[in-house]
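Working notes, beginning with the structure itself.
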Amino acid sequence: MPVDAAEALAAEPRVREIAWDHKDVQLYHLGIGAGRPATDPRELRYTLESRLHVLPSFATVAGGGVPGVIGALSVPGVDVDLAHVLHGGQRLRLHRPAVPVRGRANASSRVVAVYDKGSAAVLVLRTEVADADGPLWTDEAEVFVRGEGGWGGERGPSGRPSPPPAEPADHVVERAVREDQALLYRLSGDWNPLHADPEFAARAGFERPVLHGLCTYGAALKAVVDTLLDGDVTRVREYRTRFAGVVYPGETLRVRMWRRPVADGAGAGETDETEETPETEETPETEETPETGETSEVRVAVSAVERGDAPVLADTVVRYG
Ligand SMILES: CCCCCCC[C@@H](O)CC(=O)SCCNC(=O)CCNC(=O)[C@H](O)C(C)(C)COP(=O)(O)OP(=O)(O)OC[C@H]1O[C@@H](n2cnc3c(N)ncnc32)[C@H](O)[C@@H]1OP(=O)(O)O
C-alpha cells in the first residue's frame, strides 16, 4: 500500500541540521517576486544585504529545502508518485519575533496525521525548528496525494474552503507573477519538476508547469506585510492557508485583505471556527506564540486575476502583533 498510515505515524522524527545565510534569504525573496522596482527603498530590505530583513515565510525553505520536497516525502510508510502530489495547506507559527538573517538550527520533522479522503490521502508533516537559544518556528504542511485514499482510515477535518467575507475588503493589491517565477523559486530547494517540466506537468494533469504553492504563500505574505504592517516583518506571529487552486506563472495575483481583532480569549496559538487544524495530539508547549503585545489578524483571499474570483489561497489568516 503506497500510504501506510500506521507506519508513517509511528516513524521516528527525522532530525537534521539546517543552516542559512543572507544569500539564501535574498534568493528566497527574489523567488517570491521581491525586488521590483529594484531601487525602491522598501524593496531594498528584501534584496540588499546591508538592510536585509527576513520575511517569516522564509522558514518554509530555510536550510536550502535540504533535502528538498522529495526528501521531505521520504517517510517510512509513504511511497507515492510525485505526479500525484499537491500542496494542500500550510501553517507557520513563529516562536520569536524575527527569523535571523543567518542561522544554524535543528529541524525535527514527522508525520502527525494521515487522512483517508477516499479518492486521496492527506498527510500532515510537522517540522519543529530550534537553535541554541530555543524554539524558532513550527511549520505544518498538508500534502494532498491524489489517488491514494480508500484504505478505510480516519477522514480528518472535512469541508470546502470557506468563502471570503461578504463585506468589501479593507485593502486590495495586485502582484504580477513573472513568467520565470517558478524557475527562480525552485532554486530555494523545491525541485519538483511539476513547476518546471511541461511533460511532467502534463502527466500530473496540468496544461503547463504550475507555480509552487509556497511561492504564492510567500508572495501573499509579502503583500500583507508591505500593505498592512508597514513592511515590519517582525510583527508576523502566525500564517496559515489552504491551497484551493493552482497558479500559473505569468498570471497576476489579486490579494484581498480584511482586518479584524482576534476574538476575546483567543490567544494567538488558539484556533477559531474556520480553522482546520488536524486532530492530532495536543499542541506542544513550544508552539505557543510569544506574548509580545496585542494580537490582530487579517483574513486574506488570493485569486488569479485572469481567472476571476476563484480562490487560489483560501482560509488564509495572518496573525500579527
Ligand atoms: C514538506 C512540504 C511538502 C509539500 C509537498 C508539495 C510539493 C510542491 O512542489 C507541490 C506544489 O506546490 S503543488 C501547487 C500548490 N497546490 C495547489 O495548487 C493545489 C490547489 N488545490 C487543488 O487543486 C484542489 O483544491 C485539490 C486537488 C487539492 C482538492 O480538490 P478536489 O480533489 O476537488 O477535492 P475536494 O473534492 O474539494 O475535497 C476532497 C476532500 O479533500 C479535502 N481537501 C480538499 N482540498 C484540501 C486541501 N487543500 N488540503 C487538505 N484537504 C483538502 C476536502 O476537505 C475533502 O474532504 P471531505 O470529503 O472529508 O470533506
Side-chain angles (χ1 to χ4, degrees), residues 14 16 31-32 57 59-63 65-75 78 80-92 107 109-127 129 138-150 153-162 177 181-182 185-186 188-197 200-201 204-206 208-220 240-249 251 253 275-279 302-304 307 310-316:
R14 205 161 47 95
R16 63 206 161 92
I32 59 147
S57 50
T60 59
V61 301
V66 179
V69 69
I70 295 160
L73 291 173
S74 303
V75 175
V78 178
V80 296
D81 181 347
L82 195 57
H84 296 164
V85 168
L86 289 171
H87 206 153
Q90 182 67 37
R91 181 182 184 128
L92 174 67
S109 307
R110 66 198 171 98
V111 175
V112 294
V114 180
Y115 300 127
D116 179 356
K117 295 296 182 183
S119 59
V122 174
L123 309 173
V124 184
L125 300 174
R126 181 182 294 161
T127 301
V129 176
T138 301
D139 161 309
E140 261 180 28
E142 282 179 31
V143 182
F144 193 92
V145 191
R146 295 170 294 172
E148 296 296 357
E154 189 193 337
R155 196 163 187 99
S158 279
R160 304 243 144 216
S162 41
V177 178
Q181 199 73 65
Y185 180 83
R186 68 201 300 266
S188 285
D190 183 345
W191 302 97
N192 187 344
L194 174 64
H195 311 293
D197 178 349
F200 186 92
F206 297 104
R208 57 195 172 95
V210 305
L211 195 64
H212 302 73
L214 286 179
C215 181
T216 310
Y217 182 78
R240 64 175 190 265
T241 198
R242 174 163 165 167
F243 298 107
V246 295
V247 175
Y248 290 101
E251 293 187 325
L253 301 174
E275 207 169 358
E276 296 199 7
T277 307
E279 286 164 22
V302 181
S303 52
R307 286 178 287 123
V312 295
L313 297 190
D315 296 334
T316 306

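Numbering of residues begins at 1 and proceeds along the displayed sequence. It should be emphasised that the depicted structure is a prediction, and the values quoted were computed from it without experimental measurement. Counting starts at 1 for both ligands and their atoms, following the listed order.
With a 4.0 Å cut-off on non-hydrogen atoms, His87 touches ligand 1 through its backbone as well as its side chain. In Ser158, the parts holding a heavy atom less than 4.0 Å from any atom of ligand 1 are both the side chain and the backbone. Counting heavy atoms under 4.0 Å from ligand 1, residue Val246 touches it through both backbone and side chain.
In this structure the side chain of Arg242 never reaches within 4.5 angstrom of the side chain of Leu313, judged on heavy atoms. Between Tyr185 and Val61, the closest side-chain pair of non-hydrogen atoms falls below 4.5 Å.
Considering backbone and side-chain atoms alike, Arg146 places every N or O at 3.5 Å or more from each N or O of ligand 1. Of the N or O atoms in Gly213, one or more lie within a sub-3.5 Å distance of an N or O in ligand 1. At least one N/O-N/O distance between Gly88 and ligand 1 falls below 3.5 Å. Considering backbone and side-chain N/O of Gly159, one or more are found under 3.5 Å from N/O of ligand 1. Between Glu142 and ligand 1, a contact under 3.5 Å exists for at least one N or O pair. Any N or O atom pair closer than 3.5 Å counts here, and Phe243 shares at least one such pair with ligand 1.
Not a single donor-acceptor pair under 3.5 Å links the side chain of Arg126 to the backbone N or O of Arg110. Not one N or O on the side chain of Arg240 forms a donor-acceptor pair closer than 3.5 Å with the backbone of Glu140. With hydrogens and angles ignored, the 3.5 Å screen pairs a side-chain donor or acceptor of Arg146 with a backbone N or O of Ala204. In this structure, Asp116 contributes its side chain and Gly150 its backbone to a donor-acceptor pair below 3.5 Å. Checking side-chain atoms of His212 against main-chain N and O of Asp190 turns up a donor-acceptor pair under 3.5 Å.
Look at His195 and you'll find a heavy atom under 4.0 Å from some atom of ligand 1. Remark: distances from the non-hydrogen atoms of Thr216 to ligand 1 are all 4.0 Å or more. Residue contacts with ligand 1 leave out Ala120, since none of its heavy atoms falls under 4.0 Å from the ligand.
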Step by step, would you call Val85 with Leu194 a side chain to side chain contact (heavy atoms under 4.5 Å, CB included)?
-> CA-CA 9 Å; Val85 168; Leu194 174 64; over 6 Å; no
When you look at Leu82 and Phe200, which way does the side chain to side chain contact (heavy atoms under 4.5 Å, CB included) test go after all the steps?
-> CA-CA 10 Å; Leu82 195 57; Phe200 186 92; 4.1 Å; yes
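Interface atoms of ligand 1 facing Asn192, defined by a heavy-atom separation under 4.0 Å, are 7 (C), 8 (C), 9 (O), 10 (C). Near Leu211, with a cut-off below 4.0 Å to any heavy atom, the atoms of ligand 1 are 14 (C). Set against the non-hydrogen atoms of His212, the atoms of ligand 1 under 4.0 Å away are 12 (O). The distance from ligand 1 to the heavy atoms of Asp190 drops below 4.0 Å at these ligand atoms: 7 (C), 8 (C), 9 (O).
Relative to atom 53 (C) of ligand 1, the option among Arg155, Arg242, Arg160 with the closest non-hydrogen atom is Arg242. One option in Val85, Leu86, Asp116 has a heavy atom closer to atom 27 (C) of ligand 1 than any other, and that option is Leu86. Checking Leu194, Thr241, Val143 against atom 3 (C) of ligand 1, the nearest heavy atom belongs to Val143.
The shortest non-hydrogen separation linking Cys215 to Ile32 is O-CG2, 3.8 Å. The heavy-atom pair separating Arg91 from Tyr217 by the smallest distance is C-OH, 4.0 Å.
Of the options Thr316, Thr241, Asp139, Thr216, a side-chain hydrogen bond (donor to acceptor under 3.5 Å, both in side chains) to Gln90 is made by Asp139 and by none of the others.
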